[in-house]
Amino acid sequence: MDELRRSALYSRHVELGAKLADFGGWLMPIEYPGEGGVLREHAAVRECVGLFDVSHLGKAAVTGSGARAFVDSCLANDLGKIEPGRAQYTLCCDESGGVVDDLIAYLVGDDEVFLVPNAANTAEVVRRLDAAAPEGVTVTNWHLDFGVLAVQGPRSAEALDRVGLPYELPYMAYVDAPFGERSVRICRTGYTGEHGYELIPVLEDVAPLWDALLGEVRELGGLPAGLGARDTLRTEMGYPLHGQDLSPTISPLQARAGWAVGWNKLAFWGREALLAEKAAGPARKLWGLVAIDRAVPRPHMAVRSAEGKDIGEVTSGTFSPTLRQGIGLALISTQAGVAAGDEVVMDMRGRPARMRVVAPPFVPSHVR
């Protein structure tokens, strides 16, 4: 088995007593039990501010004459809708319309696009782009050359201001700002549903930036937060997780991510298959589930109609610290005709549990 990669902050996480686990081949913090664990970290982000190390996320660059047009012909969303200095959520699909990865594209200019894919999929996204790149366009895997920190929560702007970094950015806008002797890329985005930022420093600056931010986060009443809280936060927002709610067998239309497809574009990977699926209507759709009975949904649990017919399967599930009840996402057959407010039954390891169908998110969004 390959040895797990470690972020530049590994020693910091050990010092903080983090519980560590494998995330996409990286040894990353799940939670910090000494800080109160997932529930307190989750609450800190919803109510104040939390600081995450998400350096396992991929980093890649597409450069050269026509780089923007090339990326636009491959990835699903329409890069023509944004200007340099903006970022865009997009999808890398295969020819069947399945999702190889979901990622963020930072538009630097016509000749440069910076990409942040998921950790486990970075090599495959880079491979596909590199194989298709025309002469003059270069695809570079920078997975190990940068870190990624996320500052999330209603007081996140204050944390950045206190360390001298710009914070007055529109949603999904980014800027390169000085930090020490180099610069850090700061984007007004995140994966928690709160006002927040993701920062991409070069490897040498990851630890100094973490130290500076963590000091201010604590001063504001916030906490370091692990990937356990990141998962409960994103599930409350109904954000899909690749490998569970999106995958090569789960299309954007099925996962409610059709908004991230440039349907009017003449070319992108999976276009014909997705247009056909859109015309026919997807065979299944992602819905939210809220527990009526005492239950916590978990992936692969069966979902049944009130009459006992199998109609779907849970893809993500957790206990919601905000709602104080079990919530989940489930792919449900469109033939079942479910609608928001309907009651279904989840098979919880042989025990039936009543669930209410809802359209995500489960809690209000404050990203803007």
Side-chain angles (χ1 to χ4, degrees), residues 23-24 26 52-63 67-68 70-93 99-109 112-126 128-129 139-152 156 169-177 184-202 227 230-231 233-234 237-243 245-246 252 255-262 268-269 365 367-368:
F23 277 81
W26 290 65
F52 300 81
D53 176 15
V54 286
S55 296
H56 62 303
L57 292 175
K59 309 97 191 167
V62 183
T63 56
R68 171 182 181 158
F70 164 64
V71 172
D72 194 46
S73 72
C74 298
L75 304 185
N77 212 336
D78 187 352
L79 270 177
K81 291 182 177 180
I82 64 171
E83 299 298 324
R86 295 279 177 157
Q88 183 183 71
Y89 177 81
T90 189
L91 305 161
C92 175
C93 296
V99 181
V100 175
D101 197 24
D102 62 333
L103 60 159
I104 302 291
Y106 291 69
L107 182 59
V108 181
E112 184 176 353
V113 182
F114 186 84
L115 303 173
V116 180
N118 285 293
N121 302 327
T122 299
E124 179 60 14
V125 170
V126 169
R128 286 173 178 259
L129 288 168
V139 182
T140 306
N141 188 340
W142 282 344
H143 203 159
L144 305 180
D145 297 280
F146 295 87
V148 186
L149 305 181
V151 186
Q152 300 283 301
S156 56
L169 299 170
Y171 184 58
M172 296 300 283
Y174 79 89
V175 65
D176 294 332
V184 57
R185 183 159 288 174
I186 303 164
C187 190
R188 255 282 285 123
T189 185
Y191 197 52
T192 65
E194 298 299 328
H195 184 107
Y197 306 83
E198 291 188 335
L199 293 79
I200 307 175
V202 296
L227 299 184
R230 182 174 163 93
D231 191 61
L233 290 157
R234 73 93 190 168
M237 295 311 302
Y239 292 158
L241 176 66
H242 192 273
D245 316 297
L246 281 169
R256 292 180 180 260
W259 60 270
V261 177
F268 59 89
W269 292 338
S365 171
V367 296
R368 297 182 188 276

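Quick caveat, the model's predicted, so the values are computed rather than measured. Both backbone and side-chain heavy atoms feed into the values below; hydrogens, waters and symmetry mates do not.
- Judged purely by atom type and a 3.5 angstrom limit, R234 uses its side chain to pair as donor or acceptor with the backbone of Y239.
- Looking at H195, its side chain never comes within 3.5 Å of a backbone N or O of T189 through a donor-acceptor pair.
- Summarising the geometry, atom CG belonging to L103 is positioned 9.5 Å from atom CG belonging to N121; distances are rounded to the nearest 0.5 Å.
- Of all heavy-atom pairs spanning G80 and D78, the tightest one is N-OD1, 2.8 Å.
- Listed for the Y174 side chain is a donor-acceptor partner under 3.5 Å among the backbone atoms of L107.
- Only one option out of I200, L115, I82 pairs with Y106 in a side-chain contact (heavy atoms from CB on, under 4.5 Å); it is I200.
- Between the S55 side chain and the V148 main chain, a donor and an acceptor come within less than 3.5 Å of each other.
- If you take CH2 on W269 and SG on C93, they are separated by 10.0 Å, rounding to the nearest 0.5 Å.
- Between Q88 atom CD and I104 atom CD1 the span is 9.0 Å, to the nearest 0.5 Å.
- In this structure, F23 and V54 have side chains that are not in contact, with every pair of non-hydrogen atoms separated by 4.5 Å or more.
- The structure places CG of L57 at 9.5 Å from CH2 of W26, a figure rounded to the nearest 0.5 Å.
- For D231 (side chain) and L227 (main-chain N/O), no donor-acceptor pair under 3.5 Å exists by modelled atom type.
- Contact detail for F268 and D72: the closest heavy-atom pair is CB-O, 4.3 Å.
- Taking CZ from R128 and SG from C92, the interatomic distance works out to 6.0 Å, rounded to the nearest 0.5 Å.
- A donor-acceptor pair under 3.5 Å is absent between the side-chain atoms of T192 and the main chain of L233, judged by distance alone.
- Smallest separation of non-hydrogen atoms from A150 and E198: CB-CG, 4.2 Å.
- The two atoms that bring H242 and D102 nearest to each other are CB-OD1, 3.6 Å, heavy atoms only.
- Side-chain contact between R188 and P170: absent, with no pair of heavy atoms (C-beta onward) separated by less than 4.5 Å.
- Distance alone, capped at 3.5 Å, is enough to place a donor-acceptor pair between the R68 side chain and the L79 backbone.
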Stepwise side chain to side chain contact (heavy atoms under 4.5 Å, CB included) check, D53 with L149
CA-CA 5 Å; D53 176 15; L149 305 181; 4.1 Å; yes
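- Of all the heavy atoms in Y171 and R86, the pair that sits closest is O-NH1, 3.4 Å.
- For the residue pair N141 and A123, the shortest heavy atom distance occurs at ND2-CA, 4.4 Å.
- The main-chain N or O of V116 is never found under 3.5 Å from a side-chain atom of K59 such that the two would form a donor-acceptor pair.
- A parallel orientation is assigned to the rings of Y89 and W259, their planes being inclined by less than 30° (bins at 30° and 60°).
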